[in-house]
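Protein chains get the first letters and strands the later ones, always in sequence-line order, with residue 1 at the start of each. Note: hydrogens, waters and symmetry copies are ignored here, and every other heavy atom, side chains too, is used.
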Amino acid sequence: MDVVLEWFRENKRDLPWRESTPWGVVVSEFMLQQTPVHRVLPQWHRWMELWPTPADLAGAPLSDALREWGRLGYPRRAKRLHECAQIIVRNHNGIVPPELPVLRSLPGIGEYTASAISAFAFKRGELVLDINIRRLYARCWQGKSAPTAAPNNAERELARQLLPEGDDGTWAAATMELGALICKARTPLCDECPLKNQCLWRAIGYPQEAGIGKSTQQAKWRGSDRQCRGVIMQALRENTDITQSELEKIWSDRSQYEKALASLLDDGLIEQRGKRFSLAN
DNA sequence: TTCCCGGTGC
DNA sequence: GCACCGGGAA
């Protein structure tokens with residue numbers, strides 16, 4: 001697949017974590033879970049400035065990590081990353097472990113993130129299956145418009161066959177970049193694709209399978225439990241300490257507020273001391 | 001204004 | 001199979 005690697009050499013974005021330490025890669029992968037590159041960039045720089053090593057983050061209060069996470073979304077990721085830092089310090093001498101099973105055992109690191117860290121931080125030719133790569137494979141080699149909800153063994157086998165011998169992680173980076181920039185979910189730029197002459201989906205006229213690739217409908221954001229949690233977190237990021245009665249004013253639906261508050265306490269993202277709430281420590 | 005984008009953990 | 005986030009494209 002030299003055309004893909006050649007395309008990557010000429011078109012890859014200049015992303016700072018590609019020139020960073022293994023820890024920088026870990027931080028980037030956590031932030032990039034469910035969040036686009038352009039939103040991650042400023043936050044990543046800030047975090048690497050504040051906490052350039054696992055020991056630095058492990059030594060900081062969780063509340064600082066949650067505050068600096070800002071509006072990236074899914075603040076449980078910040079808590080898990082903080083936990084990762086502490087485990088790395090405690091069990092791995094402060095060094096990011098390169099072994100796939102060890103990475104996989106850390107909180108917030110699943111199949112994708114473990115292989116991505118191994119490939120990008122340690123230059124290993126791992127099987128990396130993020131949604132961009134999976135979409136590219138589904139289209140080009142399977143003639144489908146989109147991949148299934150989760151990878152199965154047949155898909156892993158196909159991906160393994162495509163992985164170049166002796167790869168150093170460049171294949172994953174290249175296919176991910178191609179999926180993100182050209183083989184896009186909604187409006188693929190097929191004319192610019194280095195694989196356009198061998199893409200099965202293109203060859204058979206871009207069929208759309210019923211039901212495939214459709215994620216379950218997300219509830220409206222406005223008025224959702226998610227929005228309520230976000231509003232509470234934002235209030236606690238801006239106020240180090242806030243009373244029960246002040247906090248409850250920020251959301252009009254009382255029962256939804258109570259539910260969101262309880263779930264944030266349950267997730268260990270916030271804490272209560274008497275009548276006052278703050279980010280968890 | 002709605003719709004879409006995207007890993008982990010339960 | 002569902003909950004979790006916020007921003008940006010359509």
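Rounded to an integer number of Å, the gap from A:Leu236 CG to C:dC5 P is 13 Å. Per the geometry, CD1 belonging to A:Ile117 stands 12 Å off C1' belonging to B:dG7, to the nearest Å. Atom-to-atom, NZ of A:Lys79 to C1' of C:dA3 comes out at 18 Å; the value is rounded to the nearest Å. With rounding to whole Å, A:Asp267 atom CG is found 17 Å from B:dT8 atom P. Here the C1' atom of nucleotide B:dC4 and the CG atom of A:Asn132 are 14 Å apart, to the nearest Å. Computed from coordinates, the A:Arg134 CZ to B:dC5 C1' distance equals 14 Å when rounded to whole Å. Atom CZ of A:Arg77 is separated from atom P of C:dC5 by 9 Å (rounded to the nearest Å). Taking atom CG of A:Leu129 as the reference point, atom P of B:dT8 lies 11 Å away to the nearest angstrom.
Residue A:Ser263 is classed as having no contact, given no heavy-atom separation below 4.0 Å to the nucleic acid. Within the nucleic acid shown, A:Tyr74 comes within 4.0 Å of at least one base atom, counting heavy atoms only. A:Gln227 comes within contact range of no nucleotide atom at all, as no heavy-atom separation falls under 4.0 Å.
DNA chain C is contacted by A:His38, A:Arg39 of residues 25-45 of chain A, taking any non-hydrogen atom closer than 4.0 Å. A heavy-atom distance below 4.0 Å to DNA chain B is reached by none of the residues of residues 61-73 of chain A.
What you find for A:Leu200 and A:Gly143 is that their closest heavy atoms are CD2-N, 3.6 Å.
Rounded to the nearest 0.5 Å, atoms CZ (A:Arg77) and CG (A:Leu32) are 8.5 Å apart.
Side-chain contact, A:Arg237 with A:Gln234: a donor N or O sits under 3.5 Å from an acceptor N or O. In this model, no donor atom of one side chain and acceptor atom of the other lie less than 3.5 Å apart for A:Gln244 and A:Glu248. No side-chain donor-acceptor contact under 3.5 Å links A:Thr113 and A:Glu29.
Side chain of A:Arg237, nearest nucleotide from C:dC5, B:dG7, C:dG6: C:dG6. Between C:dC5, B:dC5, B:dG6, one nucleotide has an atom nearer to the side chain of A:Leu269 than all others, and that is C:dC5.
A salt bridge does not link A:Asp168 with A:Arg124: every distance from a Lys NZ or Arg NE/NH1/NH2 to an Asp or Glu carboxylate oxygen is 4.0 Å or more.
Screening residues 99-148 of chain A for ring pair (Phe, Tyr, Trp, His ring centres under 6.0 Å) gives A:Tyr137-A:Trp141 as the qualifying pairs, with residues at least two apart or on separate chains.
Nucleotides of DNA chain C nearest to A:Arg186 and A:Gln234 differ in position, and the one nearer the 5' end is that of A:Gln234. Each of A:Ile131 and A:Pro107 was assigned the nucleotide of DNA chain B with the nearest heavy atom; the assignment lying further toward the 5' end belongs to A:Ile131.
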- Does the salt bridge (Lys or Arg N to Asp or Glu O under 4.0 Å) test come out yes or no for A:Arg229 and A:Asp267, once each step is laid out? CA-CA 11 Å; A:Arg229 280 171 59 103; A:Asp267 286 343; 2.9 Å; yes
- Message: What verdict does the salt bridge (Lys or Arg N to Asp or Glu O under 4.0 Å) test give for A:Glu155 and A:Arg160, after you've listed the backbone C-alpha separation in whole Å, the side-chain angles of each residue and the deciding distance to 0.1 Å?
- Response: CA-CA 9 Å; A:Glu155 183 180 339; A:Arg160 198 170 291 287; over 6 Å; no
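Side-chain N or O atoms of A:Trp47 include one that pairs as donor or acceptor with a backbone N or O of A:Glu68 at under 3.5 Å.
Residue A:Arg135 places at least one side-chain N or O under 4.0 Å from the OP1 or OP2 atom of B:dG6.
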